[in-house]
Amino acid sequence: MYYNFKEIEKKWQKKWQDAHAFRAQVDPKRKKYYLLEMFPYPSGKIHMGHVRNYTIGDVAGRFKTLEGYNVMHPMGFDAFGQPAENAAIKNKTKPADWTHKCIKEMETELKKMGFSYDWEREVSTCESDYYKWNQWIFLKMLERGLAYKKASSVNWCPSCQTTLANEEVIDGACWRCHAEVEQKDLEQWYLKISEYKERLLEDLSQLKNWPPRVLAMQSNWIGKSSGVDIYFRLKNSDKSIPVFTTRVDTIFGATYIVLAPEHPLVKDLIKGTPQEKEAQEFIKKVIAESKVVRSASDVKKEGVFTGSFAVNPINNEEVPVWIADYVLMEYGTGAIMAVPTHDQRDFLFAKEHRLPMRIVIKPKDSPLKPADDLSEAYEGDGVQINSGEFNGLNNQEAKIKIAQWMEAKGIGRIQTHFRLRDWLISRQRYWGTPIPVIYCPDCGIVPVAYKDLPVKLPASAPFTGEGGSPLNKVKKFVEVKCPKCKGKASRETDTMATFFDSSWYFLRFCSPEFKEAPFDAGEAKYWMVVDQYIGGIEHAILHLLYSRFFTKFFQDMGMIDFTEPFDKLLTQGMVLKDGEVMSKSKGNIVDPDSMIKNYGADALRLFILFAAPPETELEWDERGLEGAFKYLNRVWRIQENLKGKADQEIIKILHRTIKKVSEDFAGFKFNTALASLMELTNAIYQNGADKEVFSRLVIMLSPIAPHFSEELWQILGNKESIFKAGWPKYDPDLLVEESVTLVIQVNGKVRSKIQVGRDTPDDKLKELVLKDEKLLAWLEGKSPKKFIVVPQKLVNIVL
RNA sequence: GGGCGGAUGGCGAAAUUGGCAGACGCGAUAGCCUUAGGAGCUAUUGGGGCAACCCUUGGAGGUUCAAAUCCUCUUCCGCCCACCA
């Protein structure tokens, strides 16, 4: 007979809902715990990744509740985005209708899992009372110069027909549809995240409870590098070209300089020269190339000579100025000094185009081959040679000295460059937050007044899939009066990138109904920061970086008094099937709903936690799920056979288990917590237990299998919810064993074991050990050289 | 090329952080119970050997009384970044 999970789960889900069991309210007397899992995009069905993410969170939340914390555990939907538009085209529905339908379905599925969400705090980013505050935040940023419009070459996805942020381009392809990204010149809205680059980098050191690899990824993405901007004056001109280098110690080896094809000086330089035509064609070709082609590491480095020369300011040497595809306009100054002997890229280019080379650093204890014989650049450290007054110095020292010397002479400047670029937020899509500005032929860009927010998204727009903003074609939306001069004007028709929406939703959860501002400062003061955030590693850069940026912005606005939003971060591993990520295209999806039907939500939760630690990948195995189900049934049967009084031995095991499980839960080690709960269960199964012991087993199981445990709790005669029972405490005295098994090793190998009193003194121990018959056979009459004692664990005898 | 992780039975994984390797579970084998079992119970289950024992944490060295754990080298795998000057 199986326990009736279908009935039990339904019963308790209803009870929790009717009792508002998970409603969170500010209570200054109690310690709060803000638990957050990354909210889902409402695609209609939850998948195993969601189940895993939210199960991990739910156990943490229920455990904290049992420990007495005032837990806030909200859920919502990241509801704007492209799939809604695609679905609208396909099914001839409105994106809003499709999205609402999906949200309904997902809510139902999440409720079936028994998650302890405070549904009264639910937010959906596609509702105007949410996105109104996107617009409000945008206007505040606009006022502070943090939102701005500029024309530039942007990433363009030809398949999605929209622009993409740098963060959304993966290997030169669109993060969503994987189409190859093109470059396009467009005027677009940006957020000046670069203004926060130093703080975003420095404050990473505050995030002591984040996984190191997420910190590393963020740090790499921000990409700070220190070096020197050096000014190369153009020969026969008063202009100079700044180049950036992190290796100023190699400056005496700079034999040419290279500009990016997009560099603004290029046009002037080639004008009227014999190479003009060749150069122009080359530039045209490179600019048209997609990023994937251009950045492929195995391609030949191509370039052309401009005909001009520049002067190396350190030795007044004239060097040729080239244009090449391997120099990028977006980074540094868009120009480099090339040192072929000490930079592999320059080396390859110089070989290809027969440019001169000069060695200026040699390894400390060995000579370097002549430049012409090198097969690759020497990029290591060493001693300066051919470097004028800096000869003989260690190159690391020289780096500092040369930089200072150049600064003193005004020919260079110590400088830091970042990889992080401003965040492009304009999207040529319908299903997103309208950017709240108006274009007036007379007044220019006019922000929408705060009192006129929200700028509501029209209920529908024509979707042709042909590109351009669909809102362009909605006359009623576009045609407005200028708020300033009342003349004819038109609205911005681009919408915001959806990452904008998710950059502050954790604050909205503190006061989801608040009407005066994005969030109520008082509520936020109590609930923030998020104590535990849980989500997928795929958000290690984008979402987490943007959220940190927004938080710092709110801090600067005086709206909050902290600078980092998430204290602890857990990134859960993927769910695999047969070693591969579950995905529609691979056809290896396991539907959580059918698993709930067959085994119940509790068994599914238990299996997912038991199969692997939260951070590592989890291999789906239905037999394992069956095992989890059997385990619950085993526990159920114990309840039918309780006895009057438990043995002392069982009580001791219980207290050991309480200690272990408490520690494991606190550290999110649910797999080992379950292992010890199973051990306790096995022990009870063999020796029997009373109500006392069994009740505590059930409490410890309740965060993992909440419906099951509530039902048992009721059967045991309790009237209130098990989640009001309090987390069990252990008695330290019961953990102490009178006698311990002592391992006896000879030369580090286990040879025997004896039982001894736990506080046996060392000399007495020696005596006891040397009497052991098994050991004596190993000693063969030899006398021990050394006698090592690890208290209560082992002795090692060295012969 | 740079950075960060990994590698432990047939499988998922444990190992108090230097102290009995393989807890717990899946699978498998044998038996019991049952009208039946894809339920339950009992026992066995890293490899070799009749056994005493020997071998075993990707590989090779090293440190140590003692190494899955620390150090050096090396192979393979995963993830992130990447013509970033």
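Order of the sequence lines fixes the chain letters, A, B, ..., with proteins taken first and strands second; residue numbering starts at 1 for each chain. The basis for the numbers below is simple: all heavy atoms, side chains too, and nothing from hydrogens, waters or symmetry mates. Just so it is clear, the model here is predicted, and its values are computed rather than measured.
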Among the candidates [options], find the nucleotide nearest to the side-chain atoms of [X].
{"X": "A/L794", "options": "B/rG19, B/rG40, B/rA14", "result": "B/rG19"}
{"X": "A/P613", "options": "B/rA13, B/rA85, B/rC20", "result": "B/rA13"}
{"X": "A/F610", "options": "B/rA85, B/rC20, B/rG25", "result": "B/rG25"}
{"X": "A/A612", "options": "B/rA66, B/rG40, B/rA13", "result": "B/rA13"}
{"X": "A/R419", "options": "B/rC83, B/rA82, B/rA66", "result": "B/rA82"}
{"X": "A/Q686", "options": "B/rU42, B/rC84, B/rA13", "result": "B/rU42"}
{"X": "A/R623", "options": "B/rG12, B/rG27, B/rC84", "result": "B/rG27"}
{"X": "A/T672", "options": "B/rC26, B/rC83, B/rA15", "result": "B/rA15"}
{"X": "A/A675", "options": "B/rC24, B/rA85, B/rG19", "result": "B/rC24"}
{"X": "A/W221", "options": "B/rC65, B/rA82, B/rA39", "result": "B/rA82"}

Which part of the nucleic acid does [X] contact within heavy-atom distance under 4.0 Å: base, sugar-phosphate only, or nothing?
{"X": "A/V750", "answer": "sugar-phosphate"}
{"X": "A/R656", "answer": "nothing"}
{"X": "A/K785", "answer": "nothing"}
{"X": "A/Y685", "answer": "sugar-phosphate"}
{"X": "A/D621", "answer": "sugar-phosphate"}

Determine whether any donor atom in the side chain of A/N220 lies under 3.5 Å from an acceptor atom in the base of B/rC81, or the reverse, and answer yes or no. no

So does A/K793 reach the base of B/rC20 with its side chain, donor to acceptor, closer than 3.5 Å? no

Classify the angle between the aromatic ring planes of [X] and [Y] as parallel (below 30°), tilted (30 to 60°) or perpendicular (above 60°).
{"X": "A/W620", "Y": "A/F607", "value": "perpendicular"}
{"X": "A/Y3", "Y": "A/F708", "value": "perpendicular"}
{"X": "A/F305", "Y": "A/W322", "value": "tilted"}
{"X": "A/H539", "Y": "A/H543", "value": "perpendicular"}
{"X": "A/H342", "Y": "A/Y378", "value": "perpendicular"}

Any salt bridge linking A/E198 with A/K224? Criterion: basic side-chain nitrogen under 4.0 Å from a carboxylate oxygen. yes

Cationic N near anionic O, under 4.0 Å, A/E615 to A/R213: no

For [N] and [X] - does any side-chain N or O of the residue sit under 4.0 Å from the phosphate oxygens OP1/OP2?
{"X": "A/S225", "N": "B/rA85", "result": "yes"}
{"X": "A/K749", "N": "B/rC55", "result": "yes"}
{"X": "A/N671", "N": "B/rG12", "result": "no"}

Rounded interatomic separation in angstrom, taking [atom1] from [X] and [atom2] from [N]:
{"X": "A/M48", "N": "B/rG12", "atom1": "CE", "atom2": "P", "result": "19 Å"}
{"X": "A/E640", "N": "B/rC41", "atom1": "CD", "atom2": "P", "result": "13 Å"}
{"X": "A/L215", "N": "B/rG5", "atom1": "CG", "atom2": "P", "result": "12 Å"}
{"X": "A/F670", "N": "B/rA13", "atom1": "CZ", "atom2": "P", "result": "17 Å"}
{"X": "A/F5", "N": "B/rA39", "atom1": "CZ", "atom2": "P", "result": "15 Å"}
{"X": "A/E619", "N": "B/rG6", "atom1": "CD", "atom2": "P", "result": "20 Å"}
{"X": "A/I251", "N": "B/rA85", "atom1": "CD1", "atom2": "P", "result": "17 Å"}

[N] versus [M] - spacing of their [atom1] atoms, nearest Å:
{"N": "B/rG5", "M": "B/rG10", "atom1": "C1'", "answer": "26 Å"}
{"N": "B/rG27", "M": "B/rC11", "atom1": "C1'", "answer": "7 Å"}
{"N": "B/rA66", "M": "B/rA21", "atom1": "C1'", "answer": "14 Å"}
{"N": "B/rA67", "M": "B/rU72", "atom1": "C1'", "answer": "15 Å"}
{"N": "B/rU42", "M": "B/rG47", "atom1": "C1'", "answer": "26 Å"}
{"N": "B/rU16", "M": "B/rC50", "atom1": "P", "answer": "36 Å"}
{"N": "B/rA23", "M": "B/rC71", "atom1": "P", "answer": "28 Å"}
{"N": "B/rG2", "M": "B/rC55", "atom1": "P", "answer": "40 Å"}

For A/K351, is the NZ atom crowded, meaning more than 12 foreign heavy atoms sit under 6.0 Å from it? yes

Nearest-nucleotide comparison on RNA chain B, the residue closer to the 5′ end among A/F244 and A/G748: A/G748

When you match A/G334 and A/Q745 each to their closest nucleotide on RNA chain B, which lands nearer the 5' end? A/Q745

B/rG59 glycosidic torsion: syn (within 90° of 0) vs anti: anti

Does B/rU16 count as syn, meaning its glycosidic angle lies within 90° of 0, or as anti? anti

When Watson-Crick pairs (N1 to N3 and N6-O4 or O6-N4) and G-U wobble pairs (N1-O2 and O6-N3) count only below 3.5 Å on both distances, what is the dot-bracket string of RNA chain B, with | for other-strand pairs? (((((((..(((......[....)))((((((.......))))))(((....)))..(((((..]....))))))))))))....

Tell me if the aromatic rings of A/F610 and A/F670 count as close, with their centers under 6.0 Å from one another. no

A/N395 side chain to A/G382 backbone, donor-acceptor under 3.5 Å: yes

